[in-house]
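Dumping the structure here so I can ask a few things about it.
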Amino acid sequence: MGTQESYEQQDRGTGRRALLGAAVLGAGGAVLGLAGTAGAADARPASGGLKSLPVPTIIGHRGASGYRPEHTFGSYQLALDMGADIVEAGDLVPTKDGHLVCRHEPEIGGTTDVASRPEFAGRRTTKMLDGVSTTGWFTEDFTLAELKTLRAIERIPANRPHSTLYNGRWEIPTFEEVLKWQDEQTRKRGKQVWIYPELKHPTYFRELGLGLEERVAKLLRKYGKDRRNAPVILQSFEPTSVQRLNKLIDNPLVVLLSGANTRPWDFVVTGDPRTVADLIKPQGLREIAGYAQGIGPTLDLVIPKDASGNLGTPTTLVADAHKVGLVLHPYTMRNENPFLPANFRKGTDADAYGDAFGAFKAYFATGIDGVFTDNPDTGLLAREDFVNG
Ligand code: G3P
Ligand code: CA
């Protein structure tokens, strides 16, 4: 696929440096962040805050999960080495003994080797997770010491057979390890490393006595990263979780938005009848802007697809969000055919790349401020093309 090749070419070339060194136009044409000198990108201060990021910001989704098993230090490190502006390290869930670990969901049957461990066979169970019956192994039933004996595996081997090479190589990271890694990498590179952790299923875990927000805040405080200008953006699909974070810490906060007809689980539990369609109306966005700095909508809320799965006409969401001062970091761009809009696919192979550059370009053209992508190297090149016209 030329992945490694394109990464190395990008690193060797001068285009990216020139791009980052130039002032970048963001929401409403405002100049965001960098000083406009070639060296500015390498000396970006930690105190620059959210607006110091290049736009559109390339966020390594679960690391560089297009190439390595997600939420491993192998994946995080590759995202950083490729030049991602931010690494989504990690999606956070708790262990039985209250530690925060990096997994996309509490059920770990699809992303670790737990199913092949006879000593944990008895932990397999069925639970209701946000109203959905879910069977497997759950982080909250394991101590950290037990989880550390597991090894990560590729979630979607049919689409990413190359990534299975790394099955069994890395353990599950803790959030505390991520915070230390961020500092080590920042020191090593002489350049601020940003992370973008997400709190997963906060209402579900609070009901189990494992509240996430206080645990996240405590660790951020311990490492001096609980400030507005700290290089840590926090995100959640549950607005009340973001509101809770807003009372505990000063970090930039982002409300994630799923499909228009869905309801955040905290709304279901508290009886709030609003759906995402309500939250993206001007009143809903104004309310979000009262406690958060951004939204992370699914890409379909920015450009819906037609009945054939082709990209349709952009909505007004970008303009509406910018009007109330919110940045937009939609999710998730992936290079493989099945994850691209139909009109950007090439052939039908599930593990083949389609015209990902074309898709990035279409989304960038809407004025989004950044994007989560499993393929940060592709996203960075696409940004270079976009900014250079
Ligand atoms: O965090 C942005 C995006 O990651 C939300 O989707 O399901 O991949 O966590 P998900
Ligand atoms: Ca996430």
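Numbering of ligands and ligand atoms starts at 1, following listing order. Everything numeric here is computed off the predicted structure, so don't read it as measured data.
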Output the list of atoms in ligand 1 that are nearer than 4.0 Å to some heavy atom of Arg62, sorted by atom number.
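Heavy-atom distances to Arg62 below 4.0 Å select 7 (O), 8 (O), 10 (P).
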
Quick one: look up the protein heavy atom nearest atom 2 (C) of ligand 1 and list residue, atom name and how far away it is.
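Of the protein heavy atoms, Gln235 OE1, 3.3 Å lies nearest.
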
Donor-acceptor pairs under 3.5 angstrom involving side-chain atoms of residues 299-309: please list them, not counting sequence neighbours.
unit_1, atom_1, unit_2, atom_2, d
Asp300, OD1, Lys305, NZ, 2.7
Asp306, OD1, Ser308, N, 2.8
Asp306, OD1, Gly309, N, 3.1
Asp306, OD1, Asn310, N, 3.0

Quick check: Thr332 and ligand 1, any N/O pair under 3.5 Å apart?
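In this structure, Thr332 places no N or O atom under 3.5 Å from an N or O of ligand 1.
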
On the 0 to 90° scale, with breaks at 30° and 60°, tag the Tyr331-Phe237 ring pair as parallel, tilted or perpendicular.
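Plane angle over 60°, so perpendicular.
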
Please state which part of Phe237 comes within less than 4.0 Å of ligand 1, counting heavy atoms only: side chain, backbone, both or neither.
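Side chain only.
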
Where Leu212 and Arg206 come nearest, the two heavy atoms and their spacing:
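Looking at all heavy atoms of both residues, the shortest contact is N-NH2, 4.2 Å.
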
Output field: ring centroids Phe360/Phe357 closer than 6.0 Å
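Between Phe357 and Phe360, which both carry aromatic rings, the centre distance is not below 6.0 Å.
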
Just checking Trp137 against Phe120, ring centres under 6.0 Å apart?
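So the answer is no for these two rings.
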
Looking at Lys127 and Glu140, is any side-chain nitrogen of the basic one under 4.0 Å from a carboxylate oxygen of the acidic one?
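Yes, this pair counts.
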
Hey, is Glu70 close enough to Arg160 for a salt bridge, meaning N to O under 4.0 Å?
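No.
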
Any idea which protein heavy atom is nearest atom 4 (O) of ligand 1, and the distance to it?
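The closest heavy atom on the protein side is His61 NE2, 2.8 Å.
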
May I ask you to determine how many protein N/O/S atoms are under 3.0 Å from the Ca ion (ligand 2)?
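That number is 3, waters not included.
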
Could you tell me if any non-hydrogen atom of Lys200 lies under 4.0 Å from any atom of ligand 1?
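Yes; Lys200 lies near enough to ligand 1 that a heavy-atom distance drops under 4.0 Å.
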
Which protein non-hydrogen atom lies closest to atom 10 (P) of ligand 1, naming both residue and atom, and how far is it?
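For atom 10 (P) of ligand 1, the nearest protein heavy atom comes out as His104 NE2, 3.2 Å.
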
Classify the side-chain pair Asn388/Glu384 by whether it contains a donor and acceptor separated by less than 3.5 Å.
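Result is no, nothing qualifies.
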
Between Asp97 and Thr95: side-chain donor-acceptor atoms closer than 3.5 Å
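Asp97 vs Thr95: donor-acceptor pair found between side chains.
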
State whether a side-chain donor-acceptor pair under 3.5 Å links Asn261 with Thr275.
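No donor-acceptor contact under 3.5 Å links the two side chains.
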
Give the atom numbers and elements of ligand 1 that come within less than 4.0 Å of a heavy atom of Asp91.
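Listed by number with element: 9 (O).
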
Decide whether an N or O pair under 3.5 Å exists between Glu88 and ligand 1.
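Min N/O separation from ligand 1 is below 3.5 Å for Glu88.
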
